[in-house]
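Right, I'll just put the structure down here and ask away after.
A quick note: this is a predicted structure, and the numbers were derived from the prediction, not measured. Values below: all heavy atoms of this structure, side chains included; hydrogens, waters and symmetry mates excluded.
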Amino acid sequence: MLRMIGFLLWAMSQPGLAVPESPIRVLTEILPPLQLQGGNGRQQGLHVEVVKEALKRAGIDAGIEFHPWARAYQIAQDQPNILIFSMVRSPQREPLFIWVSKFRDIQYHFYSLNARKLDDIQDWRQARLLTVAAPRESYELQLLESLDFEATRLAPTVTQIQSWRLLLKGRVDAVFATELSAAAILSELGVAAQTVHKHTQVSHSPGLYLAASSGTDEQIIAGLRHAMQDISNDGTYQTIMAKYFRPE
């Protein structure tokens, strides 16, 4: 109740929340454990729950749509009033989107099959010799392309899970993925964590964000930022996170 009163007081101080010319759409991809969609259509995951709570507090009536990342990414570049998550904030993407609120920092590693007994990847020079899977339009693929990986060494996929399937079938040497999602995806596929080797080479990203397409209504952005800050300050984020991650 106090949270709602706080938001209402904030909203009353604004000139008036404008109704956007086009409906707000909220797009994401399947990325365990952050974004999940069950066979019965049930939506869950840490960031799904956080975004739903932020939409509720900001008074935005919009459901979450799951799409392959490349499709969601393209829609968010072509249309106004699009929210998209979880988006890595990179120099390449910086001018293309409005960066609403940061979820968390993440780390990327190369993963290969232990059975392949590949030498540990400790630098990009070694990594360029491998065939690597990553989703189309993902930060992972964009980064590898910017680091001069040959096109013949890259295997673009539709989803994160498809990248891992290619690895498990021996069709690529490695996947480039977050350590956050690696364990969750392997578990979902019924594969023991010991099946893969996490290589030393690490790429730090600026973090995962809730972003919005260019041209999205400024007061919508302000309301969401207020709601996301409130969720962080009042402990709601930690409460939701505890459902998906065990305390260390």
Side-chain angles (χ1 to χ4, degrees), residues 25-37 45-51 54 64-79 82-111 121 124 127 132-149 154-164 167 174-185 198-199 201-214 216 221 224-225 228-229 231-232 237 241 244-245:
R25 295 177 64 189
V26 187
L27 313 181
T28 192
E29 65 171 333
I30 293 176
L31 180 62
L34 305 179
Q35 295 122 219
L36 301 159
Q37 187 174 43
L46 172 59
H47 290 176
V48 167
E49 291 198 33
V50 170
V51 170
I64 295 175
E65 305 173 27
F66 281 81
H67 295 279
W69 182 256
R71 184 182 304 167
Y73 188 78
Q74 191 61 52
I75 292 172
Q77 291 183 82
D78 294 342
Q79 300 177 23
I82 302 294
L83 303 176
I84 182 171
F85 69 100
S86 302
M87 174 90 78
V88 172
R89 188 172 186 171
S90 67
Q92 178 178 344
R93 294 171 171 178
E94 182 69 30
L96 303 178
F97 302 95
I98 300 169
W99 302 95
V100 179
S101 183
K102 184 177 180 178
F103 289 114
R104 62 188 299 130
D105 291 314
I106 50 174
Q107 292 183 337
Y108 287 88
H109 292 266
F110 289 98
Y111 293 84
I121 300 170
W124 295 113
V132 184
R136 293 182 180 89
E137 298 292 3
S138 66
Y139 167 77
E140 299 93 299
L141 192 63
Q142 290 174 350
L143 178 63
L144 298 179
E145 290 171 340
S146 74
L147 292 171
D148 297 325
F149 278 66
L154 298 175
T157 60
V158 176
T159 66
Q160 299 279 353
I161 292 177
Q162 185 183 26
S163 296
W164 284 91
L167 176 67
V175 295
F176 186 53
T178 70
E179 55 185 350
L180 185 67
S181 64
I185 290 177
K198 182 175 76 173
H199 291 262
Q201 172 66 22
V202 175
S203 171
H204 296 273
S205 93
L208 289 176
Y209 280 74
L210 170 63
S213 57
S214 178
T216 297
I221 299 299
L224 283 168
R225 283 176 173 157
M228 290 289 283
Q229 186 63 54
I231 287 169
S232 176
Y237 185 93
M241 185 167 65
Y244 297 94
F245 299 98

> Just how far is it from atom CZ of Arg136 to atom OG of Ser163, taken to the nearest 0.5 Å?
Replying inline: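 OG of Ser163 is found 9.5 Å from CZ of Arg136.
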> Does Arg89 use its side chain to pair, donor to acceptor, with the backbone of Gly207 at less than 3.5 Å?
Replying inline: no
>> In the structure I gave you, are the side-chain heavy atoms of Tyr237 and Met228 within less than 4.5 Å of one another anywhere?
In response: no
>> Please give me the minimum heavy-atom distance between Ala54 and Ile231, naming the atom from each residue.
In response: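 Heavy-atom minimum between the residues: N-CD1, 3.6 Å.
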> Cut-off 3.5 Å, side chains only: do Glu65 and His67 have a donor facing an acceptor?
Replying inline: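 Short answer, yes.
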>> Under a 3.5 Å threshold, yes or no: a donor from one side chain and an acceptor from the other, between Gln35 and Ser86?
In response: yes
>> Assess the residue pair Phe85 and Val100 against the criterion (side chain to side chain contact (heavy atoms under 4.5 Å, CB included)); give the C-alpha distance rounded to whole Å, side-chain angles, the decisive distance to 0.1 Å, and a yes or no.
In response: CA-CA 10 Å; Phe85 69 100; Val100 179; over 6 Å; no
> After noting the C-alpha distance and the side-chain angles of Leu208 and Lys102, does the key distance pass the side chain to side chain contact (heavy atoms under 4.5 Å, CB included) rule?
Replying inline: CA-CA 6 Å; Leu208 289 176; Lys102 184 177 180 178; over 6 Å; no
>> Set out, in order, the CA-CA distance, both residues' side-chain angles and the distance that settles side-chain hydrogen bond (donor to acceptor under 3.5 Å, both in side chains) for Tyr73 and Glu29, then state yes or no.
In response: CA-CA 10 Å; Tyr73 188 78; Glu29 65 171 333; over 6 Å; no
> Rounded to the nearest 0.5 Å, how far does CD1 of Ile84 lie from OH of Tyr209?
Replying inline: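 So the gap between those two atoms works out to 15.5 Å.
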> Minimum heavy-atom separation for Ala133 to Thr157, with atom names?
Replying inline: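 Looks like CB-CG2, 4.3 Å.
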>> Using side-chain heavy atoms (C-beta onward) and a distance below 4.5 Å, is Gln160 in contact with Ile185?
In response: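 Of all side-chain heavy-atom pairs linking Ile185 with Gln160, at least one is under 4.5 Å.
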> From Thr178 OG1 over to Leu31 CG, what is the distance, rounded to the nearest 0.5 angstrom?
Replying inline: 6.0 Å
> Can you find a heavy atom in the side chain of Phe110 that is under 4.5 Å from one in the side chain of Val175?
Replying inline: no
>> Under 6.0 Å between ring centres: does that hold for Tyr139 and Tyr108?
In response: yes
> How many angstroms lie between atom NZ of Lys198 and atom CD1 of Ile121, to the nearest 0.5 angstrom?
Replying inline: 13.5 Å
> So do the side chains of Phe66 and Ile30 get within less than 4.5 Å of each other, counting heavy atoms only?
Replying inline: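 Yes, side chains in contact.
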>> Any side-chain to backbone donor/acceptor pair from Gln74 onto Ala70? Under 3.5 Å, distance only.
In response: no
> Heavy-atom distance under 4.5 Å between the side chains of His199 and His109, does that happen here?
Replying inline: no
> When the ring planes of Phe97 and Trp99 are compared, do they come out parallel, tilted or perpendicular, using 30° and 60° as the limits?
Replying inline: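 Perpendicular.
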> Between CD1 of Ile106 and CD of Glu179, what distance do you get to the nearest 0.5 Å?
Replying inline: 9.5 Å
>> Determine whether Ile75 and Arg25 satisfy the following criterion, side chain to side chain contact (heavy atoms under 4.5 Å, CB included), listing intermediate values before the conclusion.
In response: CA-CA 10 Å; Ile75 292 172; Arg25 295 177 64 189; 4.1 Å; yes
> Do the side chains of Leu143 and Phe176 get nearer than 4.5 Å, heavy atoms only?
Replying inline: yes
>> Quick check: closest heavy atoms across Val202 and His204, and the distance to 0.1 Å?
In response: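 So the minimum-distance heavy-atom pair works out to CG1-NE2, 3.8 Å.
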>> I'd like to know whether the aromatic ring centres of His47 and Phe103 sit less than 6.0 Å apart in this structure.
In response: yes
> When rounded to the nearest 0.5 angstrom, what distance separates OG in Ser213 from CG in Asp78?
Replying inline: 9.5 Å
>> If you apply the rule side chain to side chain contact (heavy atoms under 4.5 Å, CB included), what do you find for Thr28 with Val51, and how did you get there?
In response: CA-CA 11 Å; Thr28 192; Val51 170; over 6 Å; no
> If every non-hydrogen atom of Ala134 is compared with every non-hydrogen atom of Ser138, which pair is closest and at what distance?
Replying inline: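 Where Ala134 meets Ser138 most closely, the heavy atoms are CB-OG, 4.1 Å.
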> Considering only heavy atoms from C-beta outward, does the side chain of Phe245 approach that of Leu180 to under 4.5 Å?
Replying inline: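 Sidechains of Leu180 and Phe245: in contact.
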> Is the shortest heavy-atom distance from the side chain of Ile221 to the side chain of Thr216 under 4.5 Å?
Replying inline: yes
